[in-house]
Colleague: 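My questions all concern the structure below.
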Amino acid sequence: MASGPILFINPNSTEEVTEGIRAAVAPYALRDGPAFEYVTITESPSTIMTDDDVAFAAGRVADLAESRPDASAIVICCFSDPGLALTRSRVKIPVIGCQEAGIMTALMRARKFGIVALSPKSIPRHMRRIEEMGVASRLAAEEGLDFVSALDAGTSDAVFADTVEIGKRLIAAGAGALVPGCAGFAPRRRQLESVLGIPVVDPVQAAAVIALGAVAG
(Lines give C-alpha, C1' and ligand atoms only; values in the text may rest on other atoms or scores of the structure.)
Protein backbone atom coordinates (compact mmCIF):
# COMPACT_ATOMS: atom_id res chain seq x y z
CA MET A 1 0.00 0.00 0.00
CA ALA A 2 1.25 3.50 -0.85
CA SER A 3 2.76 5.33 2.11
CA GLY A 4 2.07 8.92 1.10
CA PRO A 5 -1.12 10.71 2.13
CA ILE A 6 -4.28 10.93 0.08
CA LEU A 7 -4.68 14.65 -0.48
CA PHE A 8 -8.25 15.99 -0.41
CA ILE A 9 -8.26 19.37 -2.15
CA ASN A 10 -11.16 21.74 -1.51
CA PRO A 11 -11.02 24.07 -4.54
CA ASN A 12 -13.15 26.73 -2.82
CA SER A 13 -11.92 28.93 0.00
CA THR A 14 -14.50 28.04 2.65
CA GLU A 15 -12.74 26.33 5.55
CA GLU A 16 -16.07 25.17 7.00
CA VAL A 17 -16.65 23.16 3.82
CA THR A 18 -13.22 21.57 4.24
CA GLU A 19 -14.17 20.62 7.80
CA GLY A 20 -17.37 19.04 6.50
CA ILE A 21 -15.34 17.04 4.01
CA ARG A 22 -12.99 15.95 6.79
CA ALA A 23 -15.89 14.75 8.94
CA ALA A 24 -17.48 12.90 6.01
CA VAL A 25 -14.41 10.94 4.90
CA ALA A 26 -12.45 10.48 8.14
CA PRO A 27 -14.31 7.23 9.00
CA TYR A 28 -12.97 5.70 5.78
CA ALA A 29 -9.31 6.06 6.78
CA LEU A 30 -7.58 2.72 7.30
CA ARG A 31 -5.57 2.08 10.44
CA ASP A 32 -2.59 0.85 8.42
CA GLY A 33 -3.38 2.81 5.28
CA PRO A 34 -2.37 6.20 3.89
CA ALA A 35 -3.18 9.26 5.97
CA PHE A 36 -5.91 11.62 4.83
CA GLU A 37 -4.78 15.22 4.42
CA TYR A 38 -7.07 18.17 3.67
CA VAL A 39 -6.13 21.39 1.87
CA THR A 40 -8.20 24.48 1.13
CA ILE A 41 -7.32 26.74 -1.82
CA THR A 42 -7.72 29.97 0.08
CA GLU A 43 -7.41 32.31 -2.89
CA SER A 44 -10.40 30.73 -4.66
CA PRO A 45 -14.01 31.95 -4.49
CA SER A 46 -16.02 30.82 -1.47
CA THR A 47 -18.21 28.72 -3.79
CA ILE A 48 -17.28 27.27 -7.19
CA MET A 49 -20.39 28.15 -9.16
CA THR A 50 -19.56 29.76 -12.52
CA ASP A 51 -17.40 28.60 -15.41
CA ASP A 52 -14.96 31.38 -14.51
CA ASP A 53 -14.75 30.00 -10.96
CA VAL A 54 -13.97 26.55 -12.35
CA ALA A 55 -11.28 27.93 -14.65
CA PHE A 56 -9.73 29.92 -11.80
CA ALA A 57 -9.60 26.89 -9.52
CA ALA A 58 -8.39 24.42 -12.16
CA GLY A 59 -4.84 25.71 -12.46
CA ARG A 60 -4.48 26.06 -8.72
CA VAL A 61 -5.61 22.49 -8.14
CA ALA A 62 -3.09 21.22 -10.69
CA ASP A 63 -0.29 23.38 -9.25
CA LEU A 64 -1.02 22.16 -5.74
CA ALA A 65 -1.09 18.52 -6.81
CA GLU A 66 2.18 18.92 -8.69
CA SER A 67 3.80 20.49 -5.63
CA ARG A 68 3.05 17.39 -3.53
CA PRO A 69 5.14 14.52 -4.93
CA ASP A 70 4.78 12.83 -1.54
CA ALA A 71 1.04 12.27 -2.02
CA SER A 72 -0.20 8.83 -3.06
CA ALA A 73 -3.46 10.12 -4.59
CA ILE A 74 -5.41 13.34 -5.14
CA VAL A 75 -9.15 13.83 -4.57
CA ILE A 76 -10.69 16.98 -6.08
CA CYS A 77 -13.52 17.89 -3.69
CA CYS A 78 -15.73 19.93 -5.99
CA PHE A 79 -18.53 18.55 -8.12
CA SER A 80 -17.32 20.42 -11.22
CA ASP A 81 -14.00 18.53 -10.94
CA PRO A 82 -11.93 21.67 -11.68
CA GLY A 83 -8.53 20.82 -13.09
CA LEU A 84 -9.19 17.09 -13.32
CA ALA A 85 -7.79 16.53 -16.82
CA LEU A 86 -4.99 19.07 -16.32
CA THR A 87 -3.92 17.51 -13.03
CA ARG A 88 -3.95 14.01 -14.50
CA SER A 89 -1.67 15.25 -17.26
CA ARG A 90 0.84 16.64 -14.76
CA VAL A 91 1.11 13.95 -12.07
CA LYS A 92 1.50 10.19 -12.21
CA ILE A 93 -0.54 9.35 -9.10
CA PRO A 94 -4.30 8.64 -9.20
CA VAL A 95 -6.43 11.79 -9.42
CA ILE A 96 -10.08 11.26 -8.51
CA GLY A 97 -12.80 13.76 -9.36
CA CYS A 98 -15.81 13.65 -7.07
CA GLN A 99 -18.35 14.17 -9.87
CA GLU A 100 -17.07 11.12 -11.70
CA ALA A 101 -16.84 9.13 -8.49
CA GLY A 102 -20.29 10.11 -7.23
CA ILE A 103 -22.03 9.35 -10.50
CA MET A 104 -20.29 6.02 -11.05
CA THR A 105 -21.10 4.96 -7.49
CA ALA A 106 -24.74 5.97 -7.92
CA LEU A 107 -24.94 3.83 -11.06
CA MET A 108 -24.01 0.82 -8.92
CA ARG A 109 -27.01 1.53 -6.67
CA ALA A 110 -29.75 2.36 -9.15
CA ARG A 111 -30.71 2.22 -12.82
CA LYS A 112 -31.08 6.02 -12.96
CA PHE A 113 -29.72 8.81 -10.81
CA GLY A 114 -30.62 12.42 -10.13
CA ILE A 115 -28.48 15.44 -9.20
CA VAL A 116 -29.21 18.47 -7.03
CA ALA A 117 -27.03 21.38 -8.16
CA LEU A 118 -26.29 24.57 -6.24
CA SER A 119 -27.79 26.65 -9.05
CA PRO A 120 -29.37 26.23 -12.47
CA LYS A 121 -26.22 27.71 -14.04
CA SER A 122 -24.22 24.69 -12.91
CA ILE A 123 -26.38 22.24 -14.82
CA PRO A 124 -25.00 22.76 -18.37
CA ARG A 125 -21.46 22.29 -17.04
CA HIS A 126 -22.46 19.11 -15.24
CA MET A 127 -24.25 17.86 -18.35
CA ARG A 128 -21.16 18.31 -20.50
CA ARG A 129 -19.22 16.08 -18.15
CA ILE A 130 -22.01 13.51 -17.93
CA GLU A 131 -22.10 13.31 -21.72
CA GLU A 132 -18.30 12.92 -21.83
CA MET A 133 -18.65 10.04 -19.37
CA GLY A 134 -21.21 8.39 -21.65
CA VAL A 135 -23.88 8.05 -18.96
CA ALA A 136 -26.42 10.69 -20.02
CA SER A 137 -29.04 8.00 -20.66
CA ARG A 138 -28.85 7.01 -16.99
CA LEU A 139 -29.60 10.53 -15.71
CA ALA A 140 -33.22 10.86 -14.64
CA ALA A 141 -32.98 14.64 -14.15
CA GLU A 142 -30.95 17.40 -12.55
CA GLU A 143 -32.39 20.45 -10.79
CA GLY A 144 -30.68 23.46 -9.29
CA LEU A 145 -31.20 25.25 -6.00
CA ASP A 146 -31.52 29.02 -5.94
CA PHE A 147 -27.81 29.95 -6.18
CA VAL A 148 -26.91 28.75 -2.69
CA SER A 149 -23.39 28.68 -1.28
CA ALA A 150 -21.37 25.53 -0.68
CA LEU A 151 -21.54 26.26 3.05
CA ASP A 152 -25.33 26.70 3.12
CA ALA A 153 -25.77 23.43 1.24
CA GLY A 154 -24.70 21.55 4.34
CA THR A 155 -25.79 23.89 7.14
CA SER A 156 -28.98 25.76 6.22
CA ASP A 157 -32.30 24.24 7.26
CA ALA A 158 -34.08 26.24 4.54
CA VAL A 159 -31.72 24.88 1.89
CA PHE A 160 -32.18 21.37 3.25
CA ALA A 161 -35.96 21.73 2.90
CA ASP A 162 -35.55 22.93 -0.69
CA THR A 163 -33.16 20.04 -1.39
CA VAL A 164 -35.73 17.55 -0.13
CA GLU A 165 -38.39 19.01 -2.41
CA ILE A 166 -36.06 18.76 -5.40
CA GLY A 167 -35.14 15.23 -4.37
CA LYS A 168 -38.81 14.24 -4.38
CA ARG A 169 -39.22 15.63 -7.89
CA LEU A 170 -36.12 13.75 -9.06
CA ILE A 171 -37.55 10.54 -7.62
CA ALA A 172 -40.79 11.21 -9.49
CA ALA A 173 -38.71 11.63 -12.65
CA GLY A 174 -37.26 8.16 -12.16
CA ALA A 175 -34.16 8.64 -10.01
CA GLY A 176 -33.35 5.66 -7.81
CA ALA A 177 -30.27 7.33 -6.31
CA LEU A 178 -29.41 10.94 -5.59
CA VAL A 179 -26.03 12.61 -6.03
CA PRO A 180 -25.73 15.99 -4.29
CA GLY A 181 -23.87 18.27 -6.69
CA CYS A 182 -21.47 19.88 -4.23
CA ALA A 183 -19.03 18.70 -1.58
CA GLY A 184 -20.73 21.13 0.80
CA PHE A 185 -23.77 18.84 1.07
CA ALA A 186 -21.71 16.28 3.03
CA PRO A 187 -23.13 17.03 6.52
CA ARG A 188 -26.67 16.40 5.26
CA ARG A 189 -26.14 13.11 3.38
CA ARG A 190 -27.55 10.77 6.03
CA GLN A 191 -30.49 13.05 6.75
CA LEU A 192 -31.34 13.36 3.07
CA GLU A 193 -31.18 9.60 2.62
CA SER A 194 -33.45 9.05 5.62
CA VAL A 195 -36.07 11.53 4.42
CA LEU A 196 -36.04 10.56 0.74
CA GLY A 197 -35.79 6.81 1.19
CA ILE A 198 -33.31 6.25 -1.65
CA PRO A 199 -29.49 6.02 -1.67
CA VAL A 200 -27.82 9.43 -1.41
CA VAL A 201 -24.24 9.21 -2.64
CA ASP A 202 -21.88 11.77 -1.19
CA PRO A 203 -19.44 12.37 -4.07
CA VAL A 204 -16.41 12.99 -1.86
CA GLN A 205 -17.03 9.86 0.19
CA ALA A 206 -17.31 7.95 -3.10
CA ALA A 207 -14.03 9.48 -4.29
CA ALA A 208 -12.30 8.59 -1.01
CA VAL A 209 -13.21 4.93 -1.40
CA ILE A 210 -12.01 4.87 -5.02
CA ALA A 211 -8.76 6.58 -4.04
CA LEU A 212 -8.13 4.02 -1.31
CA GLY A 213 -8.76 1.23 -3.80
CA ALA A 214 -6.34 2.81 -6.26
CA VAL A 215 -3.43 2.93 -3.83
CA ALA A 216 -4.04 -0.30 -1.89
CA GLY A 217 -1.89 -3.34 -2.37
Side-chain angles (χ1 to χ4, degrees), residues 5-26 28-29 35-71 73-88 90-91 93 95-102 115-126 128-129 144-160 162-163 179-189 202-208 211:
I6 296 176
L7 192 63
F8 292 82
I9 300 176
N10 175 14
N12 74 51
S13 60
T14 305
E15 288 286 356
E16 293 91 340
V17 171
T18 304
E19 288 307 307
I21 291 166
R22 183 194 303 271
V25 304
Y28 294 86
F36 287 179
E37 186 176 338
Y38 309 89
V39 179
T40 306
I41 299 182
T42 56
E43 65 269 29
S44 284
S46 59
T47 298
I48 305 297
M49 188 170 292
T50 69
D51 287 350
D52 285 345
D53 294 338
V54 174
F56 182 91
R60 285 153 183 80
V61 168
D63 288 345
L64 176 56
E66 196 170 24
S67 74
R68 292 296 304 271
D70 60 309
I74 302 291
V75 175
I76 301 175
C77 302
C78 171
F79 200 73
S80 293
D81 290 344
L84 179 61
L86 178 62
T87 304
R88 285 175 173 168
R90 289 168 57 176
V91 302
I93 58 175
V95 181
I96 314 300
C98 73
Q99 181 177 0
E100 279 191 344
I115 298 173
V116 181
L118 292 183
S119 84
K121 284 191 173 181
S122 301
I123 295 175
R125 182 170 63 249
H126 296 165
R128 289 194 295 270
R129 189 71 190 104
L145 292 160
D146 189 18
F147 297 91
V148 305
S149 70
L151 179 60
D152 283 348
T155 60
S156 166
D157 290 341
V159 171
F160 177 77
D162 290 343
T163 304
V179 185
C182 176
F185 282 103
R188 296 290 202 177
R189 187 203 71 79
D202 178 83
V204 179
Q205 288 179 331

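Numbers for residues simply follow the sequence, beginning at 1. A quick note: this is a predicted structure, and the numbers were derived from the prediction, not measured.
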Colleague: State, with a plain yes or no, whether a side-chain heavy atom of I93 is found less than 4.5 Å away from one of I74.
Modeller: yes
Colleague: Check whether any side-chain heavy atom of R68 lies under 4.5 Å from a side-chain heavy atom of V91, and answer yes or no.
Modeller: no
Colleague: Holding to salt bridge (charged side-chain N to carboxylate O under 4.0 Å, His left out), I want the full list of residues that pass it with E16, two or more places apart in sequence or in another chain.
Modeller: none
Colleague: Quick one: OG1 on T50 to CZ on F56, what's the gap to the nearest 0.5 Å?
Modeller: 11.0 Å
Colleague: Quick one: which of T40, N12, T155 gives a side-chain contact (heavy atoms from CB on, under 4.5 Å) with V17?
Modeller: N12
Colleague: Give the C-alpha distance, both sets of side-chain angles, the deciding distance and a yes or no for side-chain contact (heavy atoms from CB on, under 4.5 Å) between N10 and E15.
Modeller: CA-CA 9 Å; N10 175 14; E15 288 286 356; over 6 Å; no
Colleague: Do you know the tightest heavy-atom contact between A101 and P203?
Modeller: CB-O, 4.1 Å
Colleague: Rounded to the nearest 0.5 Å, what separation is found between the CD atom of E66 and the OG1 atom of T87?
Modeller: 9.0 Å
Colleague: Could you report the tightest heavy-atom contact between I76 and P11, atom names first, then the distance?
Modeller: CG2-CG, 4.0 Å
Colleague: Can you tell which of I21, V39, V25, I9 makes a side-chain contact (heavy atoms from CB on, under 4.5 Å) with C77?
Modeller: I21
Colleague: First locate atom OH of Y38, then atom CD1 of I6, and finally report the distance between them rounded to the nearest 0.5 Å.
Modeller: 9.5 Å
Colleague: Does any non-hydrogen side-chain atom of D70 lie less than 4.5 Å from one of P5?
Modeller: yes
Colleague: Tell me if a side-chain donor or acceptor on S80 pairs with a main-chain N or O of P82 at a distance below 3.5 Å.
Modeller: no
Colleague: If you take all heavy atoms of G154 and P187, which pair is closest and at what distance?
Modeller: O-CB, 3.6 Å
Colleague: Looking only at heavy atoms, which two atoms of P120 and L145 are closest? And how far apart?
Modeller: CD-O, 3.2 Å
Colleague: Going by heavy atoms in the side chains, are Q205 and C98 under 4.5 Å from each other?
Modeller: no
Colleague: Restricting to non-hydrogen atoms, name the atom on A153 and the atom on R188 that form the minimum distance, rounded to 0.1 Å.
Modeller: O-CG, 3.9 Å
Colleague: Evaluate the side-chain proximity of F79 to I48: yes if any heavy-atom separation is below 4.5 Å, no if none is.
Modeller: no
Colleague: By the definition side-chain contact (heavy atoms from CB on, under 4.5 Å), identify the one residue from L118, V148, V54 that meets it with M49.
Modeller: L118
Colleague: Looking at residues at least two apart in the chain, or sitting in another chain, which of them share a ring-ring contact (aromatic ring centres under 6.0 Å, His included) with F36?
Modeller: F8
Colleague: Can you tell me if S13 and S44 form a side-chain donor-acceptor pair at under 3.5 Å?
Modeller: no
Colleague: Does the side chain of L64 come within less than 4.5 Å of R60's, by heavy atoms?
Modeller: no
Colleague: State plainly whether the residues D51 and K121 are in salt-bridge range, i.e. N to O under 4.0 Å.
Modeller: no
Colleague: So which heavy atom on I123 is nearest to which on G144, and how close?
Modeller: CD1-N, 3.7 Å
Colleague: What distance do Q99 atom CD and I115 atom CD1 have between them, rounded to the nearest 0.5 Å?
Modeller: 6.0 Å
Colleague: Got a salt bridge between E100 and R88, using NZ or NE/NH1/NH2 to carboxylate O under 4.0 Å?
Modeller: yes
Colleague: Give every residue pair that meets the salt bridge (charged side-chain N to carboxylate O under 4.0 Å, His left out) criterion with at least one member in residues 73-83, sequence neighbours excluded.
Modeller: none
Colleague: Which value, rounded to the nearest 0.5 Å, describes the distance between T163 atom OG1 and D157 atom CG?
Modeller: 11.0 Å
